[in-house]
Amino acid sequence: MNATDSTFSAAAPDAAWRDEVRELARQRDAVILAHNYQLPEVQDIADHVGDSLALSRIAATADASVIVFCGVHFMAETAKILSYDKTVLIPDERAGCSLAETITADQLRAWKAEHPGAVVVSYDNTTAAVKAATDICCTSSNAVDVVNSIPADREVLFCPDQFLGAHVQRLTGRENMHIWLGECHVHAGINGAELRERVLAEPEAELFIHPECGCATSALYLAGMGVVPAERTKILSTGGMVTAAAQTTAKKVLVATETGMIHQLNKANPLVIFEPVNSAAVCKYMKMITPAKLLRALREMRDEVDVPRDIADRARLSVERMIALGAPSRTGE
Ligand code: SF4
């Protein structure tokens with residue numbers, strides 16, 4: 001291992017690391033954005049912490065000319081799409097997403113060819129190329145409104161999250177909706193039997209479900225099926241979850257989402273015990289962004305996110321259609 005490797009594999013960041021990151025960010029005119037599922041040290045050094053669309057909106061309106069996006073690749077792409085003239089860096093370009101990888105633009109085009117005239121609705125967890133072949137994007141909280149905005153006689157192709165798709169189909173009663181069978185690897189850590197067992201074993205505890213990404217859309221689907229007691233279950237946005245955490249009178253809250261969210265909840269209310277429904281619900285891609293790689297990105301200005309302009313222009317349209325619809329998203333915090 002050479003000196004550089006040693007520097008970048010340093011485990012616990014210290015004050016010198018924090019000082020260098022902040023100083024480099026200042027020199028580079030960079031804003032550091034961190035998703036809720038990032039490592040706590042990365043969340044704590046960031047200028048803003050939030051969900052993916054909220055961070056993309058911040059990126060688009062920030063004065064900084066450089067955006068360091070600590071999250072997974074499709075999120076950094078969305079930041080690039082919405083702020084095309086800025087330099088967007090991701091500290092490890094290999095940080096992918098198992099859900100986004102379940103559908104490629106070619107697969108989507110082939111699916112569209114089987115259903116001419118259908119309207120394509122894509123969840124945020126898709127690559128820029130898939131968004132470019134999409135009619136309208138959605139998040140987990142506005143997906144029902146997005147699908148309801150489509151004329152009833154038009155077929156809908158919903159991708160890539162099968163759990164969110166099934167949830168939306170149940171709520172809309174839409175029969176002419178086809179659902180791509182994609183899923184996130186993290187949701188397997190939040191299965192229905194275990195979710196119910198945990199909640200019933202802790203009758204005093206509240207249950208927070210935060211369906212950001214695909215990691216907890218299975219929990220959203222199960223809650224909609226009545227698998228857990230409705231009176232103790234709250235389905236919340238990022239901001240809503242932090243507010244509910246600060247206000248809850250429960251001694252314990254079980255949290256169905258990726259475990260990184262617990263850090264923000266502990267900060268919001270240190271008096272409450274926040275426990276993941278399953279501590280194995282960890283996104284390995286989110287955890288690829290380490291403090292050392294964040295420092296490297298700022299030092300070397302490497303791993304720039306590039307989206308061809310024609311793809312960015314078409315992808316932006318699908319995101320803007322969602323925003324224009326005015327459907328509530330989880331990003332109003
Ligand atoms: S939690 Fe799942 S859906 Fe979210 S980034 Fe990780 S792999 Fe993708």
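These numbers come from a predicted model, not from an experiment. For ligands, and for the atoms within them, numbers begin at 1 and follow the listed sequence.
Within ligand 1, counting atoms from 1 as listed, the ones closer than 4.0 Å to a heavy atom of Cys283 are 1 (S), 5 (S), 6 (Fe), 7 (S). Ligand 1 places these atoms under 4.0 Å from at least one heavy atom of Cys215: 1 (S). Near His185, with a cut-off below 4.0 Å to any heavy atom, the atoms of ligand 1 are 7 (S). Shown in contact with Cys184 at under 4.0 Å from a heavy atom are these atoms of ligand 1, numbered in order with element: 1 (S), 2 (Fe), 3 (S), 7 (S). When each atom of ligand 1 is checked for a heavy atom of Gly214 under 4.0 Å away, the hits are 3 (S). For ligand 1 and Val186, the ligand atoms under 4.0 Å from any heavy atom of the residue are 1 (S).
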| Chi angles and distances behind the salt bridge (Lys or Arg N to Asp or Glu O under 4.0 Å) call for Arg302, Asp92 | CA-CA 9 Å; Arg302 53 175 281 168; Asp92 189 335; over 6 Å; no

| field | Steps toward salt bridge (Lys or Arg N to Asp or Glu O under 4.0 Å) verdict (Arg198, Glu194) | value | CA-CA 6 Å; Arg198 279 297 308 276; Glu194 189 168 5; over 6 Å; no

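By the 6.0 Å contact criterion, CD on Gln27 is enclosed, its count of non-hydrogen atoms from other residues, nucleotides or ligands being greater than 12. Other residues, nucleotides and ligands contribute over 12 non-hydrogen atoms within 6.0 Å of the CD atom of Glu114.
Partner of Ser122 under the side-chain hydrogen bond (donor to acceptor under 3.5 Å, both in side chains) criterion, chosen from Thr127, Asp135, Thr134, Asp161: Thr134.
At the shortest separation from atom 7 (S) of ligand 1 among protein heavy atoms lies Ser98 OG, 3.3 Å. Looking from atom 4 (Fe) of ligand 1 to the surrounding protein, the closest heavy atom is Cys213 SG, 2.6 Å.
A salt bridge links Arg26 and Glu23; the closest N-O separation between the charged side-chain nitrogens and carboxylate oxygens is under 4.0 Å. Using a 4.0 Å cut-off between a side-chain N of Lys or Arg and a carboxylate O of Asp or Glu, Lys86 and Asp63 do not qualify as a salt bridge.
Contact annotation: for His187 versus ligand 1, there are no heavy atoms closer than 4.0 Å.
Distances from atom 8 (Fe) of ligand 1 to the heavy atoms of Cys97, Ser52, Gly71 show the closest one on Cys97.
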